[in-house]
Amino acid sequence: QVQLVESGGGSVQAGGSLRLSCASSGIVSGYTVTNYCMAWFRQAPGKEREGVASIARFGTTEYADSVKGRFTISKDKAKRTLYLQMNSLKPEDSAMYYCAASRFMYPCAVINGRDQYSYWGQGTQVTVSS
């Protein structure tokens with residue numbers, strides 16, 4: 001019943017910005033998906049899928065060291081949508097970005113936390129040129 005659909009990816013030059021969106025639907029244990037841990041992961045060719053940022057029910061956020069100060073995760077519960085604002089993009093940020101949701105409300109792992117997330121979107125491609 002849970003569905004996640006990413007959008008907003010594209011091609012941008014280094015230093016540019018993109019805003020990713022993840023529209024969610026469905027209910028988990030009586031609550032909409034955005035009440036649970038949600039996160040953004042990314043995977044580049046030849047690399048493992050890695051956590052980028054997470055956000056908990058009441059807004060607590062965590063970020064991978066590589067994106068701290070540049071990326072901001074947020075959500076709009078009314079719209080049931082998760083966002084990732086990406087600024088000062090680097091070529092190393094190029095990857096397929098995936099939206100994920102958990103059955104847990106807290107804590108919301110971003111580092112080594114892939115197994116916590118049960119629901120995944122199909123991904124949106126981000127390409128940053130130098």
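Hydrogens, waters and symmetry mates are skipped; everything else that's a heavy atom, side chains included, is used. Sequence positions, counted from 1, serve as the residue numbers for this chain.
A search for salt bridge (charged side-chain N to carboxylate O under 4.0 Å, His left out) contacts involving Lys47 returns nothing, not counting sequence neighbours.
Between the SG atom of Cys37 and the CZ atom of Arg103 there is a distance of 13.5 Å, given to the nearest 0.5 Å. Considering CD1 of Ile73 and OG of Ser54, their distance stands at 6.0 Å, rounded to 0.5 Å. One distance of note links OG of Ser102 with CG of Asp115; it measures 11.0 Å at 0.5 Å rounding. Of the inter-residue distances, the one linking Lys77 atom NZ with Thr32 atom OG1 reads 7.0 Å to the nearest 0.5 angstrom. For the atom pair NZ (Lys68) and CD (Glu62), the distance works out to 8.5 Å, reported to the nearest 0.5 Å. Expressed to the nearest 0.5 Å, how far CG of Leu20 lies from OG1 of Thr124 amounts to 6.0 Å.
Between Met86 and Arg70, the closest side-chain pair of non-hydrogen atoms is not below 4.5 Å. With a 4.5 Å cut-off on side-chain heavy atoms, Cys108 and Thr60 do not count as touching. Side-chain contact between Leu84 and Thr72 is absent, with no heavy-atom pair separated by less than 4.5 Å. Using a 4.5 Å heavy-atom cutoff, the side chains of Phe41 and Val52 are not in contact. Looking only at side-chain heavy atoms (C-beta outward), Leu4 and Met38 come within less than 4.5 Å of each other.
Figure legend: Arg19 and Tyr83 shown as a cation-pi pair, the cationic atom lying under 6.0 angstrom from the six-membered ring centre and within 45 degrees of its axis. Relative to the six-membered ring of Tyr31, Arg57 meets both conditions, a distance below 6.0 Å and an angle of at most 45° to the axis.
Between Phe71 and Trp40, the distance from one ring center to the other does not fall under 6.0 angstrom. Aromatic rings of Tyr36 and Tyr119 (six-membered ring for Trp) have centroids beyond the 6.0 Å cut-off, not under it.
The heavy-atom pair separating Ala101 from Val33 by the smallest distance is CB-CG1, 3.5 Å. Gln1 and Ile27 get closest at one heavy-atom pair: OE1-O, 4.1 Å. Closest approach of Thr81 and Ser21 over heavy atoms only: CG2-CB, 4.3 Å. Scanning all heavy atoms of the two residues, the minimum distance from Ala44 to Ser94 falls at CB-O, 3.7 Å. Residues Ala95 and Arg42 approach most closely at CB-CB, 3.8 Å, considering heavy atoms. Closest approach of Pro107 to Gln116, counting heavy atoms only: O-NE2, 3.0 Å.
Using modelled atom types, one side-chain atom of Lys75 and one backbone atom of Thr34 make a donor-acceptor pair closer than 3.5 Å. A donor-acceptor pair is defined here as one N or O able to donate and one able to accept, closer than 3.5 Å; such a pair exists between the side chain of Glu6 and the backbone of Gln122.
In this structure, Met105 is a member of the same hydrophobic cluster as Ile55, with clusters built from ILVMFWY side-chain heavy atoms closer than 4.5 Å. Note on Tyr98: it does not cluster hydrophobically with Leu82, by side-chain heavy-atom contacts below 4.5 Å among ILVMFWY residues.
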Full working for side chain to side chain contact (heavy atoms under 4.5 Å, CB included) between Val2 and Val28: CA-CA 8 Å; Val2 173; Val28 178; 3.7 Å; yes
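The environment of CD in Gln43 is crowded: more than 12 heavy-atom neighbours from other residues, nucleotides or ligands sit within 6.0 Å.
Side chains of Ser17 and Asn87: a donor-acceptor N/O pair is present below 3.5 angstrom, by distance only.
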